[in-house]
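To keep things clear, I will list the structure first and then write my remarks on it.
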Amino acid sequence: LRPRFSMAWLKPKGYVDCGGSFAESCAICPQDHGAVWCNGDCLWVHGFWGNKCVPNSQMEILEPRTDMWPWYTTSFLLASFIMLIFALVYKSNVVDKIGTIPEYFNIRGNDFNLFACFTKPQTCLYVTFCWPVVQGKNYHAGRVMGYWPGCCLSFLLSTTPLVCLASCIRAALSKKLYKNIGFERSWGYVFFTSLFCLPCAIGQESLLVDNELGAEITCCCQAKVQLVGTELENAWARACDNSWGKNRVCYGDGH
């Protein structure tokens, strides 16, 4: 550390101004004097693991930009308003029409894989741009929670920076959904699909729910339901499912 100077223009090349002295780096400035010797090009920071002297330029990166809050707030409110309008239309035209999956007389339909939504362009569009609304529909139809609580919770989870916590909450709800519609999924499966492939996971759940209800949801916000016929088809499909070998009901081509 060089002797203390009072003029910044005397700072040697490769040194930082500590606010009265110069040093090779801000970390050397305090010399056990604490914040008193950390000025000029440096700033004294109070941290969880202890206090330290850091460059001002580093703090410019670490400190949040307060000028972004008006833009963020406006964007959030606008997105919330648009999602609310769409949710109202979706509830009126789809959710109220398809109802909920029967609790007692319900015959499980066939399964869908994680990427099945890519074969259904309309479902793919819904889960890409309006997935909180689709998730609310899934929770409502699957008797997990009401449509509006499901929509609001999903929308809030989509905006939180706590991604792992949001995935844990969604995994718990999805586990209950899968159980109610007769499919088993491990907690790890729903957690990691929520964490790394959320639209696909919601699309898979949506296709399962729609299949159980005999519902066909098309753009924009149109639904057709054939529940009784679907239950009979599901029963026949399960009876004729030869994926585990020849069964006693269907032979040959399954007719």
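- Between the side chain of Thr193 and the backbone N or O of Val190 there is at least one donor-acceptor pair closer than 3.5 Å.
- Taking the six-membered ring where the residue is Trp, His46 and Trp44 present perpendicular rings, their angle passing 60° and hence far from 30°.
- Interatomic distance, Ser25 OG to Ile28 CD1, rounded to the nearest 0.5 Å: 3.5 Å.
- Counting heavy atoms from C-beta on, the side chains of Ser174 and Phe191 never come closer than 4.5 Å.
- In this structure, Leu84 CG and Phe81 CZ are separated by 7.0 Å, a value rounded to the nearest 0.5 Å.
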Side chain to side chain contact (heavy atoms under 4.5 Å, CB included) between Leu177 and Val209, worked out: CA-CA 9 Å; Leu177 173 63; Val209 168; 4.2 Å; yes
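- With respect to the salt-bridge test (charged N to carboxylate O, under 4.0 angstrom), the residues Arg170 and Glu205 qualify.
- Put simply, Ile85 and Val134 are part of two different groups of oily side chains (I, L, V, M, F, W, Y) that touch within less than 4.5 Å, one to the next.
- Within 6.0 Å of NZ on Lys175 lie more than 12 heavy atoms contributed by other residues, nucleotides or ligands.
- Using a distance-only test at 3.5 Å, with no hydrogens or angles considered, a donor-acceptor pair links the side chain of Asn56 to the main chain of Gly40.
- Hydrophobic clustering places Leu165 together with Trp131 (ILVMFWY residues linked when any side-chain heavy atoms are closer than 4.5 Å, directly or through intermediates).
- Cys197 SG to Phe115 CZ: the interatomic distance, rounded to the nearest 0.5 Å, is 5.0 Å.
- Contact detail for Met83 and Phe129: the closest heavy-atom pair is CE-O, 4.1 Å.
- For Arg185 against Leu208, the heavy-atom pair with the smallest separation is NH2-CD1, 4.2 Å.
- Among the candidates Lys224, Gln122, Lys137, the single residue satisfying the side-chain contact (heavy atoms from CB on, under 4.5 Å) test with Ile217 is Lys137.
- Atom OG1 of residue Thr128 and atom CD1 of residue Ile202 lie 10.0 Å apart, to the nearest 0.5 angstrom.
- Gly99 and Leu213 make their closest contact through O-CD1, 4.1 Å (heavy atoms, listed as atom of the first residue, atom of the second, distance).
- Here the side chain of Asp17 pairs no donor or acceptor atom with the backbone of Asp41 at under 3.5 angstrom.
- To the nearest 0.5 Å, atoms CD1 (Ile101) and CG (Asp210) are separated by 9.0 Å.
- In this structure a side-chain-to-backbone donor-acceptor pair under 3.5 Å is missing from Ser154 to Cys151.
- Across the pair Cys29 and Cys42, the gap between the SG atoms, which is the quantity tested here, reaches or exceeds 2.5 Å.
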Would you sort out whether Trp187 and Cys168 count as a side chain to side chain contact (heavy atoms under 4.5 Å, CB included), showing the intermediate values? CA-CA 9 Å; Trp187 189 90; Cys168 287; 4.0 Å; yes
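- Nearest heavy-atom pair, Thr100 versus Arg143, reported as atom, atom and distance to 0.1 Å: CB-CG, 4.4 Å.
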Quick one: do Tyr189 and Leu114 satisfy side chain to side chain contact (heavy atoms under 4.5 Å, CB included)? Show the steps, please. CA-CA 10 Å; Tyr189 174 85; Leu114 181 62; 3.8 Å; yes
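- Atom-to-atom distance recorded for Asn180:CG and Asn138:CG is 12.0 Å, nearest 0.5 angstrom.
- With a 4.5 Å cut-off on side-chain heavy atoms, Phe118 and Cys200 count as touching.
- Residues His140 and Gly146 share a closest heavy-atom pair of CB-C, 4.3 Å.
- By the rule that hydrophobic residues join a cluster once side-chain heavy atoms approach within less than 4.5 Å of another member, Leu88 and Val94 end up as members of one cluster.
- Between the Ser158 side chain and the Phe155 main chain, a donor and an acceptor come within less than 3.5 Å of each other.
- Placement of Phe86 and Trp148 within a single hydrophobic cluster is found when ILVMFWY residues are connected by side-chain heavy-atom separations under 4.5 Å, directly or transitively.
- Hydrophobic clustering (ILVMFWY, side-chain heavy atoms < 4.5 Å, transitive): Trp37 and Val16 are in distinct clusters.
- Side-chain atoms of Gln135 do not come within 3.5 Å of backbone N or O of Gly150 as any donor-acceptor pair.
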Stepwise, does the disulfide bond (SG atoms under 2.5 Å apart) test hold for Cys53 with Cys18? CA-CA 9 Å; Cys53 189; Cys18 302; over 6 Å; no
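- At distances below 3.5 Å, not a single donor-acceptor pair connects side-chain atoms of Thr160 with backbone N or O atoms of Leu157.
- Listed for the Tyr147 side chain is a donor-acceptor partner under 3.5 Å among the backbone atoms of Ala87.
- The two atoms that bring Cys220 and Tyr126 nearest to each other are C-OH, 3.9 Å, heavy atoms only.
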